[in-house]
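Fair warning: this is a prediction, and the values are worked out from it, not measured in the lab. We're numbering straight along the sequence, starting at 1. Quick note: numbers below take in every heavy atom, side chains included, and nothing from hydrogens, waters or symmetry partners.
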Amino acid sequence: MNWGILILFIAIILFGVLAFRGISALILAPLVTCFVLIFAPIFAGQDIAILNGLKTQFMPAAAKYVSSYFLVFFVGAIFGAVYQFTGAAKSIAKWLAGMCQGKFVAPIIMCITGLLTYGGISGFVVFFVIYPIALQMFRSANLTRRLIPAAISAGCWTWSMYGPGSPSIQNVIPIDILGTTPTAAFVPSLIATVASFVMIFVWLEYRARSFSKRGFYFHDDRMRTQLSPEELQEDDPNEVLPNPIVALIPIIVILVLFNAPIFNGAGLPVETSVFAGVVLAVILFFPRIEGGINGWVKIFNKGAADSGVSILNTAIVVGFGGVVQNTQGFTDLVASLQKLEMNPLIFVMITVAVCAGACGSASGGMGVAFNALKDVYAALGANFEYVHRIGAIAAGTLDTLPHQGAQITLLGICKCTHKEAYFDIAITQIAIPFITCFFFIALASMGL
């Protein structure tokens with residue numbers, strides 16, 4: 001038995017269990033890192049140097065992530081805040097919800113969240129915007145609340161995250177590290193993304209009907225937390241929201257600027273593209289915020305504060321990954337996988353998924369894997385266009401283990417427990433993305 005590898009798996013389990021207990025990643029990451037720094041060197045016959053490891057491995061990895069991606073988080077959070085407080089996101093959501101006329105409610109929620117996040121709005125912002133709308137739609141259709149977390153998060157963290165041209169951080173990291181483009185491996189990526197969307201759509205509708213047949217409806221005394229009277233109130237029918245078509249314009253502009261070959265044969269950087277969307281949104285929706293400039297300053301302050309929290313939570317687990325990748329156990333694990341002589345893309349899938357699971361973060365795990373193993377991927381002969389896309393898909397698999405901070409936050413918002421709602425989250429955001437990975441690999445093997 002390789003004790004170094006075992007220590008890493010124990011660390012991952014420890015990370016997951018403690019996160020499940022509600023301990024912040026800001027505390028957990030350095031705590032579990034200390035565990036690795038204490039025990040991993042013992043079994044490698046090295047000296048114990050906890051403080052040195054924190055200073056020379058943990059902090060530089062976290063700081064590098066902040067330095068590389070702060071602007072992406074910053075403009076994304078600002079854009080999300082603008083869409084939240086002007087009602088633009090709610091306008092799009094209610095417009096799309098009205099199209100379903102009470103049918104396919106859970107899949108439609110997934111479509112709404114996917115469209116918003118594909119357009120550059122932060123998933124955390126989408127949680128708060130969409131939950132009240134989802135609640136009203138599920139109540140009208142008399143569907144169980146147990147399916148709401150999966151319906152919301154499946155749109156945020158699957159096809160909209162790894163689809164070609166997405167401005168998500170998972171689509172930006174490979175561009176920076178591998179030198180690829182936002183639409184890398186476009187044809188197989190598009191086919192795999194559509195397949196993923198269809199599988200999730202079908203699963204959510206199947207589960208909604210299955211729950212109803214088994215007697216699980218909106219009002220369910222078996223759920224641990226019941227809704228308050230305030231949450232059960234109907235939306236104000238007289239609420240004035242922006243025109244949904246107008247609300248879509250900045251989102252379309254972001255996608256066009258990010259993907260169209262208008263800057264040296266390529267799209268604009270994601271930071272520039274989203275910033276242009278912010279400027280356009282402010283112009284279009286300026287009168288909707290009371291207080292003029294002062295009111296808008298409050299929105300910008302809220303977005304800026306959200307960006308700081310988001311990137312720090314991610315960067316701190318990247319710091320943990322920075323320590324892990326320097327252990328003998330990690331080196332032995334990679335060497336063991338290489339000896340299996342597997343398809344290079346399967347090797348990429350496994351290593352990215354494991355790193356994402358260890359970090360509890362798709363972008364964090366992808367950053368760790370790509371920085372540590374880029375040369376290994378190249379040595380195996382993997383096409384970086386394919387590596388880009390399979391990495392983006394695989395990052396959204398084991399990151400969704402129960403300790404993921406985003407899922408814990410969403411379950412809290414939806415007033416559901418892991419026992420009540422996690423199964424459908426696991427199917428839509430672990431099982432189906434893994435199926436999508438293998439489907440993409442098959443397409444890549446055909447030379448598409």
Side-chain angles (χ1 to χ4, degrees), residues 1-68 309-339 350-376 395 397-408 418:
M1 177 181 292
N2 187 310
W3 289 101
I5 296 177
L6 180 62
I7 288 298
L8 296 186
F9 278 107
I10 292 174
I12 293 172
I13 294 171
L14 184 63
F15 204 127
V17 170
L18 294 178
F20 188 81
R21 301 285 294 179
I23 301 177
S24 167
L26 297 178
I27 298 173
L28 268 183
L31 181 66
V32 180
T33 296
C34 288
F35 171 84
V36 172
L37 289 169
I38 291 171
F39 290 101
I42 290 177
F43 292 105
Q46 301 170 352
D47 294 330
I48 300 173
I50 301 175
L51 185 59
N52 183 60
L54 289 172
K55 286 184 174 181
T56 63
Q57 297 175 22
F58 180 84
M59 288 309 302
K64 182 180 179 181
Y65 187 88
V66 174
S67 176
S68 298
V309 173
S310 297
I311 195 168
L312 189 56
N313 275 308
T314 304
I316 210 75
V317 296
V318 172
F320 166 69
V323 172
V324 166
Q325 74 183 48
N326 285 298
T327 62
Q328 186 61 44
F330 185 80
T331 301
D332 293 342
L333 177 61
V334 171
S336 299
L337 291 172
Q338 286 181 271
K339 290 178 182 177
I350 293 174
T351 51
V352 172
V354 169
C355 287
C359 294
S361 163
S363 59
M366 175 186 277
V368 170
F370 279 9
N371 281 312
L373 301 172
K374 174 184 175 182
D375 293 339
V376 176
T397 54
L398 297 185
D399 75 309
T400 312
L401 293 174
H403 66 284
Q404 188 200 46
Q407 298 296 350
I408 293 172
H418 279 78

### Query
With Y65, which residues qualify under ring pair (Phe, Tyr, Trp, His ring centres under 6.0 Å), at least two apart?
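Applying ring pair (Phe, Tyr, Trp, His ring centres under 6.0 Å) to Y65 gives Y69.
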Of all the heavy-atom pairs spanning [X] and [Y], show the shortest one and how long it is.
X: A353; Y: T397; value: CB-OG1, 3.4 Å
X: G322; Y: A61; value: CA-CB, 3.8 Å
X: F370; Y: V352; value: CE1-CG2, 3.8 Å
X: A62; Y: A315; value: CB-O, 3.3 Å
X: V36; Y: A11; value: CG2-CB, 3.6 Å
X: L26; Y: L312; value: CD2-CG, 3.7 Å

#### Entry: Chi angles and distances behind the side chain to side chain contact (heavy atoms under 4.5 Å, CB included) call for L31, L18
CA-CA 10 Å; L31 181 66; L18 294 178; 4.2 Å; yes
### Query
Looking only at atom types and distance, does a side-chain atom of D375 sit under 3.5 Å from a main-chain N or O of L373, one as donor and one as acceptor?
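Not confirmed, D375 side chain does not pair with L373 backbone.
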### Query
Got a donor-acceptor contact below 3.5 angstrom from the S68 side chain to the K64 backbone?
yes
### Message
Side chains of I7 and T327, heavy atoms from C-beta outward: is any pair under 4.5 Å?
### Response
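Side chain of I7 against side chain of T327, heavy atoms only: no contact under 4.5 Å found.
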### Query
With a 4.5 Å limit on heavy-atom distance, are the side chains of C34 and L54 in contact?
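Yes, at least one pair of side-chain atoms sits under 4.5 Å.
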### Task
Might you work through the side chain to side chain contact (heavy atoms under 4.5 Å, CB included) test for L28 and F320, ending with a clear yes or no?
CA-CA 9 Å; L28 268 183; F320 166 69; over 6 Å; no
What's the spacing between [X] [atom1] and [Y] [atom2] if we round to 0.5 Å?
X: L51; Y: T56; atom1: CG; atom2: OG1; answer: 9.0 Å
X: F330; Y: L333; atom1: CZ; atom2: CG; answer: 7.0 Å
X: M366; Y: T351; atom1: CE; atom2: OG1; answer: 10.5 Å
X: W3; Y: I10; atom1: CH2; atom2: CD1; answer: 8.0 Å
X: S67; Y: I311; atom1: OG; atom2: CD1; answer: 9.0 Å
X: F39; Y: L8; atom1: CZ; atom2: CG; answer: 13.0 Å

### Message
So, using side-chain hydrogen bond (donor to acceptor under 3.5 Å, both in side chains) as the criterion, who are the partners of T33 when residues are at least two apart?
### Response
none
